[in-house]
Engineer: 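Structure below; questions to follow.
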Amino acid sequence: MQLEINQTNRNMMIVLREQLIYSDTSKFSAVLQQVKGAAIDSCVVDLSGLDHIDSSGLRMLLLLHDACKECNAALTFSQARGQVRDMLLHSRFDTIVRIDN
Amino acid sequence: MGQGAASTWVCGDGLSKERLQELAHRMGWRILSDLPALNYDGFSQVSGPGVVVLGWADPIRLTNALQLPVSACIEVGCEAFLDDEFGLLTLILTTATAYACDPGTAFTDAMISRGLINPLRRRDIRLALHEAMANGIEHGNLALPPCANLTPDAFIERASVVEARLASPSFGGRPIILSATAHAGAVEIAVKDCGAGFLPGQVIQAVAPDSAPVGGRLALSGRGISFMREHCDGFRHEDGGRRAVLSFRT
């Protein structure tokens with residue numbers, strides 16, 4: 001996984017690229033730590049560059065959802081495509097998180 | 001071992017000439033070239049099963065090694081885990097290397113480039129292998145508990161445990177073995193770990209990926225088994241849970 005995190009005022013943008021799988025545990029741990037320590041109102045995850053995700057990656061996104069709830073930040077998954085979009089919708093993420101095109 | 005047959009040739013990459021000679025002598029293999037395997041261009045002139053031994057690996061080196069016309073690719077030190085019979089392709093890495101190198105994708109692409117599986121199944125096979133690798137590494141070789149009740153804080157703590165265990169020879173040094181074999185109308189890919197297997201009461205229950213949220217929450221674990229079943233043409237566990245066998249029609 002390639003990762004980029006930017007924060008402007010109270011809005012956080014997380015860009016994930018390539019793939020999000022079981023072996024990204026450490027990198028995603030850093031994402032959760034940063035979100036938990038941030039004073040934010042919104043968190044947008046740009047998935048346009050992510051081409052593959054497995055069940056461990058889905059779990060990491062669910063934990064990001066939990067971390068955002070803890071700090072009252074609205075979470076949005078943006079521009080998911082291909083396999084990643086299929087996996088999110090198949091797993092009904094759209095019932096708990098906003099998924100933008 | 002069957003692999004000691006004199007017809008088996010070996011080449012090395014990322015390990016010293018002396019180490020390769022010692023290994024070849026011990027296993028009864030003949031050395032194909034003193035050159036690094038990736039620089040050798042005479043593969044078309046040899047017959048018999050070949051093994052490439054990696055002294056170290058990163059994702060690119062592993063991908064390149066698996067594109068060589070060999071029957072097996074092993075990390076040095078893992079040779080004792082080679083089976084007596086070569087199948088279509090075998091890959092043996094330590095857990096620490098496997099965690100860093102994404103062998104699931106490299107193995108999938110090697111099977112496709114050999115014409116052993118339909119390229120249209122790449123997405124299915126890559127996902128199924130990632131799920132099997134995740135189980136074999138995390139619950140098998142690293143002996144981590146299931147993830148059903150993780151919180152963000154517990155995940156952060158778990159990540160620290162993963163790093164510590166990967167750095168420990170007794171966990172990170174355990175081999176994980178991917179092997180592909182041909183069957184009537186199908187290819188089977190097995191992922192074998194060296195962990196304790198299923199423990200009573202610790203078998204992860206499969207969760208349908210499209211299960212509705214409960215109390216505003218989706219299930220944190222159990223999708224992996226379901227994805228393997230959905231994306232393979234057959235799936236089973238063997239060896240007390242240490243070996244996941246994925247079947248794909250050809």
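Because the structure is a prediction, the values reported are computed rather than measured. Below, read A as the first sequence line, B as the second, and so on, with proteins coming before strands; counting in each chain starts at 1. Just so you know, these numbers use all the heavy atoms, side chains as well, and skip hydrogens, waters and symmetry mates.
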Engineer: Is any side-chain heavy atom of A:Asp54 closer than 4.5 Å to one of B:Phe227?
Structural biologist: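 Not touching, per the 4.5 Å side-chain cut-off.
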Engineer: Got a second to check how far B:Cys147's SG is from A:Leu63's CG, nearest 0.5 Å?
Structural biologist: 8.5 Å
Engineer: Spell out, as yes or no, whether a donor-acceptor pair under 3.5 Å connects the side chain of B:Tyr99 to the backbone of A:Tyr22.
Structural biologist: yes
Engineer: Distance-only, no hydrogens or angles: does the B:Glu131 side chain make a donor-acceptor pair with backbone N or O of A:Ser55 under 3.5 Å?
Structural biologist: yes
Engineer: Check A:His65 against B:Gly216 and note the closest heavy-atom contact, atom names and distance.
Structural biologist: CE1-O, 4.4 Å
Engineer: Could you tell me if the side chain of B:Asp102 sits less than 4.5 Å from the side chain of A:Glu18, heavy atoms only?
Structural biologist: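 No, every pair of side-chain atoms sits at 4.5 Å or beyond.
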Engineer: Return the minimal non-hydrogen interatomic distance between B:Leu218 and A:Ser91, and the atom names on each side.
Structural biologist: CD1-O, 3.5 Å
Engineer: Output the option from B:Ala100, B:Ala159, B:Pro209 having the highest count of non-hydrogen pairs under 4.5 Å with chain A.
Structural biologist: B:Pro209
Engineer: Going by heavy atoms in the side chains, are B:Phe155 and A:Thr25 under 4.5 Å from each other?
Structural biologist: yes
Engineer: Which residues pass the side-chain hydrogen bond (donor to acceptor under 3.5 Å, both in side chains) test with B:Arg114, sequence neighbours left out?
Structural biologist: none
Engineer: side-chain contact (heavy atoms from CB on, under 4.5 Å) for A:Met87 and B:Arg223? Distances and angles first, verdict last.
Structural biologist: CA-CA 11 Å; A:Met87 291 281 277; B:Arg223 285 188 187 79; over 6 Å; no
Engineer: Between atom CG of B:Leu166 and atom OG of A:Ser26, what is the distance when rounded to the nearest 0.5 Å?
Structural biologist: 7.5 Å
Engineer: Can you name the closest pair of heavy atoms from A:Asp66 and B:Pro152 and give their distance?
Structural biologist: CB-CG, 3.8 Å
Engineer: B:Gly104, B:Ser226, B:Ala208, B:Ala212: which one forms the most heavy-atom pairs within less than 4.5 Å of chain A?
Structural biologist: B:Ala212
Engineer: Are B:His130 and A:Gln19 close enough that some pair of their side-chain heavy atoms sits under 4.5 Å apart?
Structural biologist: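 Yes, their side chains come closer than 4.5 Å.
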Engineer: Go through B:Met133 and A:Ile21 one step at a time and tell me if the side-chain contact (heavy atoms from CB on, under 4.5 Å) criterion holds.
Structural biologist: CA-CA 10 Å; B:Met133 292 290 296; A:Ile21 62 171; over 6 Å; no
Engineer: Less than 4.5 Å to any heavy atom of chain B: does that hold for the side chain of A:Ile53, its backbone, both, or neither?
Structural biologist: backbone
Engineer: Once you round to the nearest 0.5 Å, how far does CE of A:Met60 lie from CG of B:Leu220?
Structural biologist: 12.0 Å
Engineer: With a 6.0 Å cut-off (strictly less than), is the heavy-atom count around CZ of A:Arg81, excluding the residue itself, greater than 12?
Structural biologist: yes
Engineer: Tell me, side chain or backbone of B:Ala219 under 4.5 Å from chain A's heavy atoms, or both, or neither?
Structural biologist: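 Backbone only.
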Engineer: Within a strict 4.5 Å, meaning less than it, do heavy atoms of the B:Thr105 and A:His52 side chains meet?
Structural biologist: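 When only atoms from C-beta onward are counted, A:His52 and B:Thr105 do not touch, as no gap falls below 4.5 Å.
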Engineer: Would a 4.5 Å heavy-atom cut-off, applied to side chains only, mark A:Arg92 and B:Ser211 as touching?
Structural biologist: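 Result no, sub-4.5 Å side-chain heavy-atom pair not found.
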